[in-house]
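Atoms considered below: every heavy atom in the structure, side chains included; atoms not considered: hydrogens, waters and symmetry mates.
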Amino acid sequence: MAIQRLFIANRGEIAVRIVRAAQALGIHSIQAHSEADSDMLAVKLADEAVSIGPAPAKESYLNIDAILQAAKATGADAIHPGYGFLSESPAFVRAVEASGLIFVGPSADTIERMGDKVAARQAAEAAGVPVVPGSDGRVESVAEAVSIAEQIGFPVMIKAAAGGGGRGIRVAKTVEELKSLAPQAKAEAEAAFGDGGLYVERAILSPRHIEVQILGDGEAAVHCFERECSLQRRRQKVWEEAGAACLDEKTREALCASAVALAKAVNYRGAGTLEYLFDEAANEFFFIEMNTRIQVEHPVTEMLTGVDLVAEMINVCGGAKLSMTQDEITRTGHSIEVRLCAEDPYMDFMPWPGQVTSLKMPSGEGVRFDHFLSEGYQIPPFYDSLLGKVIVHAETRDAAIDKLVNALTELEIAGTKTTAPLHLALAADPNVRAGDFHTQWLEPWLEAGNLTAKGDAA
Amino acid sequence: MSNIQSPLPGTFYHQASPEEPPFKSAGDAVAVGDVIGLIEVMKTFIQVTAEEPGTFEKYAVQNAAPVTAGDVVAELK
């Protein structure tokens with residue numbers, strides 16, 4: 001049964017994106033909002049809007065009862081969760097389905113399984129997807145640690161089996177180092193956790209973050225190629241690209257095929273992303289986790305392939321088969337997205353939710369601006385700081401960076417701070433221009449003061 | 001008497017966490033730089049500090065109340 005009345009249980013730029021997808025499909029859109037969000041852009045654009053509670057997210061966007069009541073009261077037949085909030089909550093999915101509504105996403109069981117690190121790793125291994133090589137369980141002795149390390153290859157990371165939060169983690173580059181470090185790690189684990197059990201895995205020291213976009217209809221699954229999201233600050237992606245320029249064609253094919261194998265193995269429905277670490281020196285990739293929802297950076301894939309990911313996920317969750325086969329999905333050129341946040345990049349990224357006094361949007365062929373701003377809009381302080389994304393597409397990566405600089409220069413958001421100066425400084429950096437970075441690159445670059453010289457950024 | 005204003009919009013808290021006592025109570029001495037409360041803004045907590053010395057009189061808004069930039073959050077004498 002195709003979806004006819006779609007309830008959007010999210011806010012901000014992704015709510016706008018979902019409203020637009022619904023409009024393109026001729027689906028009636030019903031936008032949920034908190035009391036603090038009654039004048040946000042998605043509310044203005046949707047066919048109707050309904051309040052689901054006070055400003056704090058736990059009383060509105062995380063309030064399952066309030067969302068279901070509003071969805072029923074407005075006659076919705078499906079709920080799109082966006083990203084964040086309840087998008088990966090099995091309890092929410094079960095409640096939605098128990099109310100007789102369609103959840104636009106995978107089944108609660110799939111979300112639960114892929115949300116559990118151990119279960120997801122087992123599912124990946126069963127589907128033949130490479131995972132970070134490591135001991136299958138606890139390692140009790142130094143001799144056992146050495147024997148496992150010799151099998152999986154150096155450098156290795158040793159950590160307390162009972163630990164967490166990075167305590168007791170040591171990296172050994174050789175057998176000799178491991179023999180001297182393992183007893184220390186064991187003693188420290190015993191002291192800290194009362195448990196000397198260790199875990200050994202391959203250390204990937206400066207990995208790139210690469211992920212594969214997949215789509216499934218519960219039976220068939222396809223990939224829409226990969227993205228590289230290595231530029232991160234505090235584990236938050238700030239700049240994303242499609243495709244990953246560091247991959248050769250053979251590695252790209254193997255990577256994307258592995259993602260499809262896992263998606264098929266779990267009968268995936270909707271849009272999902274498999275995240276990998278890529279060890280560039282060894283040309284090896286390792287699955288780390290799966291996100292069972294649409295992602296912030298999905299537009300770079302849409303620009304690269306021309307596939308409307310949000311529309312496709314709505315269609316397949318309404319019961320349709322995938323509208324395309326793998327050989328119909330092709331990649332053209334290169335796409336880059338940067339995240340604009342209401343933060344002051346010169347003041348250690350302090351949140352700065354101002355009132356938008358004027359707005360000049362970037363335009364032109366191959367330029368897209370996903371956002372939820374309008375002139376006069378007071379950015380509410382109650383939610384995360386993402387204001388929107390500038391996305392560009394061009395024939396080559398170099399041309400895409402040039403186009404990004406033009407778009408960011410054309411963009412003017414007066415009345416609030418944004419992270420646009422960070423992106424202009426990154427675009428001007430020779431390492432970024434060369435694609436020479438990894439997940440541990442951006443924070444030292446910021447600490448070295450590459451952004452403190454105001455006015456030099458561009 | 002002087003007022004302490006919120007530097008940012010957000011949610012104002014009297015305490016560092018629900019288990020802790022309020023940062024200041026009536027009659028407490030306040031020195032420049034003393035923490036008066038916290039503002040939660042976009043999932044980040046920022047300290048609100050005193051810019052002038054004085055004696056704490058009262059909080060001008062409830063704990064966990066939404067405030068806008070420039071709102072008076074506490075009064076000193």
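- Counting heavy-atom neighbours within 6.0 Å of A:Lys360 NZ, excluding the residue itself, gives a total above 12.
- Looking at A:Pro380, the atoms closer than 4.5 Å to chain B (heavy atoms on both sides) all sit in the backbone: N, CA, C or O.
- Taking the side chain as every heavy atom from C-beta outward, B:Val41 and A:Pro353 approach each other to under 4.5 Å.
- Interatomic distance, CZ of A:Phe349 versus OG1 of B:Thr44, reported as 12.0 Å (0.5 Å rounding).
- Here the straight-line distance linking atom OG1 of B:Thr68 with atom CD of A:Gln378 works out to 8.0 Å at 0.5 Å rounding.
- Within 6.0 Å of the NZ atom in B:Lys43, the count of heavy atoms belonging to other residues, nucleotides or ligands does not exceed 12.
- Residues B:Met42 and A:Asp384 share a closest heavy-atom pair of CE-O, 3.9 Å.
- Using a 4.5 Å cut-off between heavy atoms, B:Ile46 touches chain A through its side chain atoms alone.
- There is no contact between A:Ala57 and chain B, counting heavy-atom distances below 4.5 Å.
- Around CD of B:Glu20, the count of heavy atoms belonging to other residues, nucleotides or ligands within 6.0 Å exceeds 12.
- No more than 12 heavy atoms of other residues, nucleotides or ligands sit less than 6.0 Å from atom CD of B:Gln47.
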